[in-house]
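Remarks on the structure that follows.
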Amino acid sequence: MDPDLRAPMGHAPRAASSYSPERRFIGIRGLFFAALYCAAHFFQQIAEFFAPIALIAGLIWKIAPSLTNLLADKAKMVSAQSDINLGPLDNIVPAHLSFSGLTLTASNLVFDGFLMMLVAAIASTVAVYAGRRI
């Protein structure tokens with residue numbers, strides 16, 4: 001008989017599969033880090049998806065007004081009659097959009113793209129840490 005399973009006199013032998021408080025803590029800790037690992041990967045995937053979209057959309061939006069103005073100026077130089085047709089083209093790209101109190105600008109989109117890249121990097125670091133602690 002294994003000496004660890006022998007009980008002192010008057011006590012019943014301990015079963016090998018009994019759970020001690022330390023084992024429960026390890027199980028709860030494992031579940032916590034598994035949930036943290038899952039959440040970190042979820043945030044990383046969302047941020048990696050939306051970061052390039054926001055960054056590219058912000059850069060295009062930032063460049064678009066100068067491109068439309070350049071094209072309008074070139075067209076006006078070609079023909080004097082095009083001044084009537086291309087007059088309102090100068091303000092065709094809005095400087096900002098507002099939705100229910102949220103103001104969206106090109107600079108904000110670029111900043112949000114970089115911010116989401118930072119979130120993805122932090123989430124990746126947390127996922128690696130949690131994966132090692134499981």
Side-chain angles (χ1 to χ4, degrees):
M1 182 178 226
D2 189 14
D4 293 332
L5 294 178
R6 281 186 279 161
M9 287 187 96
H11 292 90
R14 228 175 33 172
S17 64
S18 69
Y19 289 104
S20 64
E22 294 86 21
R23 284 190 180 193
R24 282 190 205 130
F25 176 72
I26 290 172
I28 291 171
R29 191 179 114 205
L31 288 174
F32 171 74
F33 281 113
L36 183 64
Y37 181 80
C38 179
H41 265 292
F42 177 74
F43 285 123
Q44 179 185 2
Q45 299 247 335
I46 295 295
E48 284 178 351
F49 179 75
F50 284 113
I53 293 172
L55 189 62
I56 291 170
L59 289 174
I60 290 173
W61 189 4
K62 203 166 200 55
I63 293 170
S66 61
L67 286 178
T68 56
N69 289 338
L70 179 69
L71 290 174
D73 290 343
K74 293 289 181 185
K76 287 177 186 176
M77 287 174 43
V78 171
S79 172
Q81 291 177 347
S82 66
D83 194 29
I84 297 169
N85 297 333
L86 298 176
L89 193 63
D90 292 339
N91 295 324
I92 197 166
V93 179
H96 68 279
L97 298 174
S98 295
F99 301 105
S100 302
L102 173 71
T103 302
L104 195 62
T105 65
S107 299
N108 286 351
L109 277 177
V110 171
F111 179 76
D112 289 345
F114 283 120
L115 190 64
M116 282 187 268
M117 286 182 201
L118 177 67
V119 167
I122 291 170
S124 175
T125 304
V126 169
V128 168
Y129 176 76
R132 289 183 181 174
R133 302 290 284 175
I134 289 179

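Just so we're clear, the structure is a prediction, and the values are computed from it rather than from any experiment. The analysis underlying the following values was restricted to heavy atoms, covering all of them including side chains, and did not include hydrogens, waters or symmetry mates.
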Starting from Leu67 and following side-chain heavy-atom contacts under 4.5 Å between hydrophobic residues (I, L, V, M, F, W, Y), which residues can be reached?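 Members besides Leu67, by chain and number: Ile63.
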Phe43: partners by ring pair (Phe, Tyr, Trp, His ring centres under 6.0 Å), with sequence neighbours left out: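 For Phe43, no residue satisfies ring pair (Phe, Tyr, Trp, His ring centres under 6.0 Å) once neighbours in sequence are set aside.
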Quiz: residues 96-114 side-chain donor-acceptor pairs under 3.5 angstrom, not counting sequence neighbours:
residue : atom : partner : partner atom : Å
Thr105  : OG1  : Asn108  : N            : 3.2
Thr105  : OG1  : Asn108  : ND2          : 3.3
Ser107  : OG   : Lys62   : NZ           : 2.8

Hey, can you pull the donor-acceptor pairs under 3.5 Å for the side chains in residues 47-61, sequence neighbours left out?
residue : atom : partner : partner atom : Å
Glu48   : OE2  : Gln44   : NE2          : 3.2
Trp61   : NE1  : Pro94   : O            : 2.8

Ignoring hydrogens and angles, write down the donor-acceptor pairs under 3.5 Å from the side chains of residues 115-134, residues two or more places apart or on other chains.
residue : atom : partner : partner atom : Å
Thr125  : OG1  : Ala121  : O            : 3.0

